Asker: 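Provided herewith is a single structure, encoded as structure tokens, for subsequent inquiry.
Every value quoted in this text rests on a predicted model; they were computed, and no experiment measured them. Just so you know, ligand 1 is whichever comes first in the structure, and atom 1 is the first atom listed for that ligand.
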Amino acid sequence: MTQSMPAPLDPLTADAAALDAADPLAPFRERFDLSDDVIYLDGNSLGPLPTGAAERIAVVVREEWGEGLIRSWNTAGWIEAPLRVGAKIARLVGAAPHEVVVADSTSVNLHKVIHAALAAQPGRKTILSEPGNFPTDLYLIESAIRTLGKGHQLVLVPREEIAARCDTDTALVLLTHVHYRTAELYDMAAVTAAAHAAGARICWDLSHSLGAMPIDLNAARADYAVGCGYKFLNGGPGAPAMVFVAERHHETLETPMGGWIGHARPFAFEDTYAPAPGIARLQCGTPPVLSLAALEVGVDLMLEADLTQVAAKSRALRERLMARVAATCGPYGAEVIGPPIGQPRGSHVSVAHPSAYAVMQALIARPRRRSTIGDFRVAPSAPARAGVAGSLVESEDAPLAGVMRFGITPLYLRFADVDRAVESIEEVLRTGVWQEPRFQVRRAVT
Ligand SMILES: *Cc1c(COP(=O)(O)O)cnc(C)c1O
């Protein structure tokens, strides 16, 4: 007997309640301590608290640290945590378990892989990236060039020209898989193949795609990758980051930070550095045990989800948001940027507005059950940071133009949340409430 299948719901037009009822990922919402008072659209910047993370940290603090004391390095799995959690993240990115380790921050891991790639190809002097890439990626290339002092150069070309620009002088191509502002998505396999065809290596910064979509580093034959623990992996503020190096590079892998935890025999206390085998050498110092414990809860939760379902729901949610924002907010000067509906893109939606910062503050400040939390990213043409050089300060004359960024995180967002958020955006824009002076003061973290 054949059963008649119900007609699939159209995520752009169907009723939100019906879409939520048919959502296979809906049960995951209960796995987060998330209040219904806010619509949280910033999980691409700081994932919310997974249920059980606070308990887990309490156990690590009270029992493992409080009672186990230093014995816990051996008895509670502390010293293996960077490789253990790395092996779990490997399953999310198409890597072998021994190709990923969790250590330090994404920025520090970028420093390591940039140096590793340049050391492996001393005859090549060019590092290729795109203008407008995430700043830390570009800054760390600059600092590697400065400190090495070997005549390397950073070349920035628009993304469409990257493949053609790879040549026999290109040592490393360093790109962000999903652009933090526009959500543009690279074809990882195609760009990797173009880099390899020129004999160059490639590093993918996965910060905005890790945990948001299926990734297959080894199918693409990527050389290096780094990625954030506190964004879509829900690992908590300041969670340590992942770093991937393809096994074929392990034997010759050089780190610019050969610390004792990445030594072949840390507790032999030898005078001379000898690298640990493989990816383990990209550890430097003592791992942050509390942060790793929180990250592991987030990673374990992500491993329960089917990333293909996550990507499909992300698409349905974000296209609904994009269509509704375009239809209702366009008249007030709001414009959805990045790849249009129907095109591949990352899991956040950016909406440009001349006062995007103030509009976002007004959205966040809306009363209970209406507060919509996203973030703001300054327009790329804006002048260098306002305020005292090198410090993060509040400033009333800092630029307000840019994008409102809305992260689409399918494990806990509902179609009804997207509809409520769009209603809020439309109302804030239509009423002009964002023009109140209190929404114009730019805070240190936007
Ligand atoms: C968020 C993000 C980072 C963050 O780096 P940290 O060292 O954690 O501050 C790096 N790269 C990209 C592309 C990001 O989106």
Asker: Is atom CZ of Arg221 surrounded by more than 12 heavy atoms (other residues, nucleotides or ligands) closer than 6.0 Å?
Answerer: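 It does not: Arg221 CZ has 12 such atoms or fewer within range.
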Asker: Between the side chains of Thr328 and Arg324, is a donor N or O closer than 3.5 angstrom to an acceptor N or O?
Answerer: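 No.
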Asker: Just checking, any donor-acceptor pair under 3.5 angstrom between side chains of Arg165 and Thr126?
Answerer: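 No pair is found: no donor N or O on one side chain lies under 3.5 Å from an acceptor on the other.
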Asker: Checking Trp260 now: which residues fulfil ring pair (Phe, Tyr, Trp, His ring centres under 6.0 Å) with it, not counting sequence neighbours?
Answerer: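 Applying ring pair (Phe, Tyr, Trp, His ring centres under 6.0 Å) to Trp260 gives Phe267, Phe269.
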Asker: Of all residues at least two apart in sequence or in a different chain, which pass the ring pair (Phe, Tyr, Trp, His ring centres under 6.0 Å) check with His179?
Answerer: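 Testing His179 for ring pair (Phe, Tyr, Trp, His ring centres under 6.0 Å), a comparison that skips the adjacent residues, returns none.
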Asker: Between ligand 1 and the protein, which N/O pairs are shorter than 3.5 Å?
Answerer:
unit_1: ligand 1; atom_1: 7 (O); unit_2: Ser107; atom_2: N; d: 2.8
unit_1: ligand 1; atom_1: 7 (O); unit_2: Ser107; atom_2: OG; d: 2.6
unit_1: ligand 1; atom_1: 8 (O); unit_2: Tyr230; atom_2: OH; d: 2.6
unit_1: ligand 1; atom_1: 11 (N); unit_2: Asp137; atom_2: OD1; d: 3.4
unit_1: ligand 1; atom_1: 11 (N); unit_2: Asp205; atom_2: OD2; d: 2.8
unit_1: ligand 1; atom_1: 15 (O); unit_2: His208; atom_2: ND1; d: 2.9
unit_1: ligand 1; atom_1: 15 (O); unit_2: Lys231; atom_2: NZ; d: 2.6

Asker: Just to verify, what does Ala163 make a side chain to side chain contact (heavy atoms under 4.5 Å, CB included) with, not counting sequence neighbours?
Answerer: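 Ala163 satisfies side chain to side chain contact (heavy atoms under 4.5 Å, CB included) with Ala194 only.
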